[in-house]
Amino acid sequence: MSPPPPPLGRPRRWGSRSFDPALDDTELATVRDQLAQGRWTRVRSLLGATGDDWDRRGHRLTVLAEPATSVVWAREWLLAEPDSADAAALFACASVQKCLRGKESEDRARQACLTAAGRAPADPTPWLAMLALARALGTEDETVRAFEEVRTRHPEHHHAHHLMAARLAERRPGEGPDPLHEVYDFAVSAAARAPADSPLALLPLIAHAERYRVLAAAGGRPGDPAASGHWTGRRAGQVIRSAFDWWLEWEREDHPRAGIDLNFLAHAKHCEGRTAEAAALFHRIGRHITPAPWSYPNRDPYRAFHAARSAALGSV
């Protein structure tokens, strides 16, 4: 199995370059910085205002949880407010991130997730943390069970579907391109079940990119995605066209993870050679660059993004 892509969290750096997973959520970025100083009361206010917008809650807790100090301040919050479901959820997400860094045991991280899930049975976020843990370190059955727990609570959960697509794409890495691979069935089925305005319409494109990551890492595709042929076949054309058409009609600027979808779509359009359409997407992305999929399979994402952006904007 190829290594998983990095979890979303604090700004990641390549040399002097950084990527901020808060994306365009400036309030989240501000509160994250305050949490690093131990000011967890601002987190309480932010999560209270987020309510049951489950995609936004999952995004915010994932970003807040990733810095190494978050688990300390989440524990402090729990000591002050032992019945707080929000504090338990932050502690669970932070424990998982700490485990993924090799600084916490899987059992303790898993127990933190179960405790948080018990505090708020309707909240999919503790199960999202459990899914991130299982996706990186667990078995196939554990990953599927965690995903189903999330989907039961929020059938259109964006982050959970992305994690599941990444895990499914890693099955049978040495078999080469396979249009019948199960990750494609999973993505098409999820997109078909979702409402018309759901960004899960782009999941088949995400699955295509994740499968490229796995195939290229295994030597089954060239390491340059634009020259790999992966983005110019019949299936690629269908999923890219469908995703771009959805963006033109339904673009969900209000979705907390919209920037991730935009980066995947711009990457696909660049690799397809549709520079004018890619240019429109680069304008929308602005400074909100995400490492995936520009890093696929083992590339400098900053350099890959800016080379593609320069090529697209220089052609229009």
Side-chain angles (χ1 to χ4, degrees), residues 1-15 17-22 28-29 31-40 42-44 46-47 57-82 84-120 123-140 142-143 145-147 149-150 159-160 162-164 166-167 170 290-292 295 298 301:
M1 181 179 294
S2 59
L8 293 179
R10 70 176 183 276
R12 289 174 293 276
R13 303 188 70 84
W14 278 262
R17 308 152 184 171
S18 64
F19 301 84
D20 191 348
L28 169 61
V31 171
R32 178 190 55 201
D33 293 343
Q34 293 170 340
L35 179 62
Q37 302 168 12
R39 297 162 65 184
W40 53 261
R42 294 300 303 274
V43 179
R44 179 177 58 192
L46 179 71
L47 296 179
R57 179 176 171 83
H59 173 64
R60 285 178 162 177
L61 276 165
T62 299
V63 172
L64 290 168
E66 207 283 339
T69 56
S70 292
V71 71
V72 175
W73 299 122
R75 186 181 290 111
E76 289 288 325
W77 183 7
L78 270 175
L79 288 172
E81 299 180 3
S84 170
D86 288 345
L90 178 60
F91 183 70
C93 294
S95 295
V96 167
Q97 297 286 2
K98 186 177 180 182
C99 178
L100 296 179
R101 292 192 297 269
K103 303 295 185 180
E104 180 63 279
S105 74
E106 289 183 54
D107 287 344
R108 282 196 289 268
R110 190 176 296 108
Q111 185 56 53
C113 293
L114 292 173
T115 299
R119 295 273 178 88
D123 184 4
T125 312
W127 294 106
L128 176 67
M130 187 81 85
L131 175 59
L133 184 65
R135 182 258 178 279
L137 302 174
T139 66
E140 292 280 349
E142 289 169 342
T143 305
R145 282 198 300 270
F147 174 72
E149 292 286 358
V150 176
H159 194 168
H162 277 229
L163 288 172
M164 196 64 193
R167 179 61 183 258
E170 291 164 359
T290 61
S295 61
N298 290 297

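Any value given below was found using the heavy atoms of this structure, including those in side chains, with hydrogens, waters and symmetry copies removed.
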I'd like to check [X] versus [Y] (side-chain heavy atoms, cut-off strictly below 4.5 Å). Are they in contact?
X      : Y      : result
Met164 : Thr143 : yes
Asp86  : Val43  : no
Glu140 : Arg167 : yes
Leu128 : Leu61  : no

Let me see the working for Leu46 and Leu64 under side chain to side chain contact (heavy atoms under 4.5 Å, CB included), right down to the final yes or no.
CA-CA 11 Å; Leu46 179 71; Leu64 290 168; 4.3 Å; yes

Straight-line distance of [X] [atom1] to [Y] [atom2], nearest 0.5 Å:
X      : Y      : atom1 : atom2 : answer
Glu142 : Leu131 : CD    : CG    : 11.5 Å
Cys93  : Arg60  : SG    : CZ    : 14.0 Å
Arg44  : Glu81  : CZ    : CD    : 4.5 Å

Minimal non-hydrogen separation, [X] against [Y], with atom names:
X     : Y      : result
Ala88 : Arg119 : CB-NH1, 3.7 Å
Arg32 : Ala22  : NH1-CB, 4.0 Å
Leu47 : Trp77  : CD1-CH2, 4.3 Å
Ala68 : Arg101 : CA-NH2, 3.4 Å
Cys99 : Leu137 : SG-CD1, 3.9 Å
Ala92 : Ala116 : CB-CB, 3.9 Å

Would you say Arg110's side chain and Ala134's backbone share a donor-acceptor pair under 3.5 angstrom?
no

Start with the C-alpha distance between Leu163 and Val150, add both sets of side-chain angles, then the distance that settles side chain to side chain contact (heavy atoms under 4.5 Å, CB included), and finish with yes or no.
CA-CA 11 Å; Leu163 288 172; Val150 176; over 6 Å; no

Tell me, with the steps shown, if Leu28 and His59 meet side chain to side chain contact (heavy atoms under 4.5 Å, CB included).
CA-CA 9 Å; Leu28 169 61; His59 173 64; 3.8 Å; yes

Looking just at side-chain N and O atoms, do Thr125 and Asp123 make a donor-acceptor pair shorter than 3.5 Å?
yes

The side-chain hydrogen bond (donor to acceptor under 3.5 Å, both in side chains) partners of Ser84 (sequence neighbours excluded) come to none

Salt-bridged, Glu170 to Arg135, with N to O below 4.0 Å?
yes

Can you check side chain to side chain donor-acceptor pair (under 3.5 Å) on Thr115 and Gln111, steps first, answer last?
CA-CA 6 Å; Thr115 299; Gln111 185 56 53; 3.3 Å; yes

Test side chain to side chain contact (heavy atoms under 4.5 Å, CB included) applied to Val96 and Phe91, step by step
CA-CA 9 Å; Val96 167; Phe91 183 70; over 6 Å; no

